[in-house]
Each structure stands twice: as structure tokens, then as C-alpha cells.
Amino acid sequence: MRRRSLLIAVPAGLVTLAGCGDDKSDKAKSSSSKSPTAAASASAPPPAPKIVDGPLPAITAGTKFGEKPTVAKGTGDPSKDLAVKTVIAGGGKTVAENDYIQANYLGQVWDTAKVFDNSYDRKTPLVIQLAQGGIIDGWRYALVGKKAGSRVQMSVPPTWGYGTKGNTQAGIKGTDTLVFVVDIENTFNEKSSAQGKDVPQSDAALPKVGTNTDGKAPSIDVPKATAPTKLVANYVIEGDGDEVKADSSVLVQYKGVLWDTGKEFDSTYSRGQLTSFSLQQVVKGWAQGLTGKKVGSRVLIVIPPALGYADSPPSGSGIKKDSTLVFSVDILAKM
């Protein structure tokens, strides 16, 4: 099984099995990782670093965006500040604090050139939020302000890396300065939407979902009709990305309403925050409805009670027993 590149976050909304995560996600959060996910710490974050141009070791092969780079061993002493260089300037969206980025990366130790992790060999880019406590501070400070399509190289001292404890699993000592090459493929925030081709919604017995892609919540118009007894999972906007698998984790925007009343009970748009989760951690209707769908798509999902919360909806959710649920889901990325 492919090793995960980041810790599984507990989703903020109600679509998880119990409405607030489960034991699996808690175990995942406490596990170690070789990726730039921040180690758990009760101490206050370090002050913002001074950002300097170098020194940085040469990239000797794989010099194009998206190619796995080969990076020389560092020579002399690394900077005690955060050294950052835009090797290739992209022309995409600008990365902001708390955005999710989709990126390929390689990390190695300055003194030895030992590669401790890279996503290129996994053939799956990392999708992670540039949020304090969720990723090492060096990445946060180095990548904010850069544009999608850029290759960024950085040298991260322990202060803004894994600290004095290092990362035992990755073989990183508490004194090691780390060198990363990061290819930023995309960036996502609370205004991100599906991107694709509108699909006709011709069944009058099913809800109609808005096709706006301006980052605002789409409308969901539920018909005055009997709710379907089987799962419905139809494209509203069809993207052209990879297909989601049954064991995939995804980054999404979504809005949920009740069939009976059309009342909204949950929404990333209302919270102003994207959410991510594994399809193995959500109600069956979500898992089955999103499996096989393409990244970049907006999907209408109508979930009958047996594939939703049945007779045990989350407390305080406003969902009654045996409710049929209607969702609009934008699949922004596969993680």
C-alpha cells in the first residue's frame, strides 16, 4: 500500500461516520511522517524567519518543472536564516496563508544530500494546508506569495523545520538543515470551485444544482416529489482530472440540504473553510457517490437514509431520523 504523505485531518463538517471523525483519524494524527507535516508541539511557534537568497545547493538534474530533481550536497555552512529561491516562476494563482497547495517535492539533508522523502516517486502530489501547526514553518514562510506553476527551492534550519528533536522516522537530526525543492501545481482556498463542462440536469424528479464557479455556494432546488430510495450521484459539472478511488482522500467544497425542507444543515461555504477526508471515513452515500468521479467535478449526491445517518443522525445537526440528504460536492483535489 502506498505510504500516505500527510496526516489525516478530522473533517470539520458532518459527513464523517460519527459527525466528528473516528478513532482511525485520531491515530493517523498522532503518527509520524516524513513529509513536511509539522510535529505535534505544545510550545509557542518560533518568530518569523529572515528570508535570504542563499546559499542553496545546485539542482544538477531534473531541472524542469514537474521533473524529479537531483540536488547537490550543500557546501560550507548553511544559512541560519530561511534561504528561498524561485527557480522557475509560474503564472498561476498566488499562494496565500492557510491555502491548500498541491505540490510535488523532494527533501534532503544539507550535510549529506540524503533524500529523506519525495513525492515524485509516489506519482502523487502532496495536498496540504499552509497553516500554522499543520506543516513545518519553513514551508509556510517560503511558499506564501509564490504562484502556482513555480518551482521553489529552500533551505530550512531546524528552528523552522523539525526543531531540536528532529524527525527520527526520516533520519533527521535536531541539528540538520533541510533542503527542499517544491513544484507548486495548484492552490486552493475557500473561493475555489469545480472547473469543467456543465452537464444537463434534465430529470425533473431530482434536485437542480447551480453551476456557478465564482466560489459562492451553488443553489440546490429540491423538487416537491418523493425522495428516491436509491443513491443518486450525477455530474453537475464534469471535470477532467483523475478518478476518485474508494480509498482516496479528497479536498472538497460542499453544501448539504434536507430533501423534505430544502434547509441547509452543513456547508463549507458557510464556514469559509475547505475540508478534506478519506472516503473510508465518511457515510456510505458519500463514499459510493464520489468513487469513480473525476477531480474538478461538481456532483449532486442524493443519499437515502440507509446510506446516510439512518436513525442516528449527529446530535445538534438539525437532521431528523431517516432523513434523505442532498449534497452538492466540488471535488477540488485527490490527496
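For the single chain, residues carry numbers from 1 onward in sequence order. A quick note: this is a predicted structure, and the numbers were derived from the prediction, not measured.
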Distance check, rounded to the nearest 0.5 Å: [X] atom [atom1] versus [Y] atom [atom2]?
| X | Y | atom1 | atom2 | result |
| --- | --- | --- | --- | --- |
| Ile319 | Leu258 | CD1 | CG | 6.0 Å |
| Ile331 | Asp242 | CD1 | CG | 11.5 Å |
| Asp330 | Gln195 | CG | CD | 9.0 Å |
| Ile135 | Leu126 | CD1 | CG | 6.5 Å |
| Leu143 | Glu97 | CG | CD | 11.0 Å |
| Leu251 | Ile128 | CG | CD1 | 12.0 Å |

Tell me, do [X] and [Y] make a side-chain contact under 4.5 Å, heavy atoms counted?
| X | Y | value |
| --- | --- | --- |
| Arg151 | Pro69 | yes |
| Lys334 | Val127 | no |
| Phe265 | Pro314 | no |
| Val156 | Leu82 | yes |
| Val250 | Ser276 | no |
| Asp53 | Lys85 | no |
| Pro305 | Thr324 | yes |
| Ile301 | Leu231 | yes |

Can you name the side-chain contact (heavy atoms from CB on, under 4.5 Å) partners of Lys64, sequence neighbours left out? Glu67
Among all residues two or more places apart in sequence or in another chain, which pass the side-chain contact (heavy atoms from CB on, under 4.5 Å) test with Gln132? Pro45, Arg140
From CA spacing to verdict: side-chain contact (heavy atoms from CB on, under 4.5 Å), Gln201, Thr211: CA-CA 10 Å; Gln201 302 178 69; Thr211 57; 4.2 Å; yes
Between Asp176 and Tyr162, is the side-chain contact (heavy atoms from CB on, under 4.5 Å) condition met? List the steps. CA-CA 9 Å; Asp176 284 337; Tyr162 292 103; over 6 Å; no
So salt bridge (Lys or Arg N to Asp or Glu O under 4.0 Å) across residues 153-165, not counting sequence neighbours, yields none
Filter on salt bridge (Lys or Arg N to Asp or Glu O under 4.0 Å), then keep only pairs touching residues 191-203, sequence neighbours left out; what's left? none
Test of understanding: with salt bridge (Lys or Arg N to Asp or Glu O under 4.0 Å), list the residues that count as partners of [X], not counting sequence neighbours.
| X | result |
| --- | --- |
| Lys216 | none |
| Glu238 | Lys294 |
| Asp121 | Lys68 |

Treating [X] as the side-chain partner and [Y] as the backbone partner, does any N or O pair qualify as donor plus acceptor under 3.5 Å?
| X | Y | answer |
| --- | --- | --- |
| Thr86 | Ala89 | no |
| Lys146 | Ile184 | no |
| Ser278 | Gln280 | yes |
| Ser193 | Gly215 | yes |
| Arg298 | Gly210 | yes |
| Asn167 | Gln169 | yes |

Measure across [X] and [Y] and return the closest heavy-atom pair with its distance rounded to 0.1 Å.
| X | Y | answer |
| --- | --- | --- |
| Gly90 | Ser150 | N-OG, 2.7 Å |
| Ala103 | Ser119 | O-OG, 4.1 Å |
| Ala217 | Asn212 | O-ND2, 4.1 Å |
| Pro46 | Tyr141 | O-OH, 4.5 Å |
| Ala194 | Gly296 | CB-O, 3.3 Å |
| Gly239 | Ser297 | N-OG, 2.7 Å |

Please go through Val232's hydrophobic cluster and name the other residues, only I, L, V, M, F, W, Y counting, with side-chain heavy atoms under 4.5 Å joining them. Leu206, Val209, Ile220, Val222, Val236, Ile237, Val257, Trp259, Leu300, Val302, Val326
Which other residues end up in the same hydrophobic cluster as Leu56, if Ile, Leu, Val, Met, Phe, Trp and Tyr are linked when side-chain heavy atoms come under 4.5 Å apart? none
When you look at Asn189 and Leu274, which way does the side-chain contact (heavy atoms from CB on, under 4.5 Å) test go after all the steps? CA-CA 7 Å; Asn189 58 32; Leu274 304 179; 5.5 Å; no
Take Leu332 and Gln253 through the test side-chain contact (heavy atoms from CB on, under 4.5 Å) and record every step on the way to the result. CA-CA 7 Å; Leu332 302 177; Gln253 286 264 40; 4.0 Å; yes
Determine, using the 4.5 Å side-chain heavy-atom cutoff (strictly less than), whether [X] and [Y] are members of one ILVMFWY cluster.
| X | Y | result |
| --- | --- | --- |
| Met154 | Val87 | no |
| Val181 | Phe65 | yes |
| Trp110 | Val52 | no |
| Val109 | Ile59 | no |
| Phe116 | Leu106 | no |

With a cut-off of 6.0 Å (strictly less than), are more than 12 heavy atoms of other residues, nucleotides or ligands near NZ of Lys147? no
Step through the shown structure and confirm whether more than 12 heavy atoms of other residues, nucleotides or ligands are within 6.0 Å of NZ on Lys93. yes
Could you pull out all residues at least two apart from Asn234 that satisfy side chain to side chain donor-acceptor pair (under 3.5 Å)? none
If we check side-chain hydrogen bond (donor to acceptor under 3.5 Å, both in side chains) with Tyr105, which of these qualifies: Asp117, Asn118, Asp183? Asp117
For the rings on Phe180 and Trp139, is their centre-to-centre separation under 6.0 Å? yes
What donor-acceptor contacts under 3.5 angstrom involve side-chain atoms of residues 71-79, with partners at least two apart or in another chain?
unit_1: Ser79; atom_1: OG; unit_2: Asp81; atom_2: N; d: 2.9

Let me see the working for Phe327 and Trp286 under ring pair (Phe, Tyr, Trp, His ring centres under 6.0 Å), right down to the final yes or no. CA-CA 9 Å; Phe327 288 95; Trp286 265 68; 5.2 Å; yes
What pairs meet the ring pair (Phe, Tyr, Trp, His ring centres under 6.0 Å) rule with one or both residues in residues 232-253, with sequence neighbours excluded? none
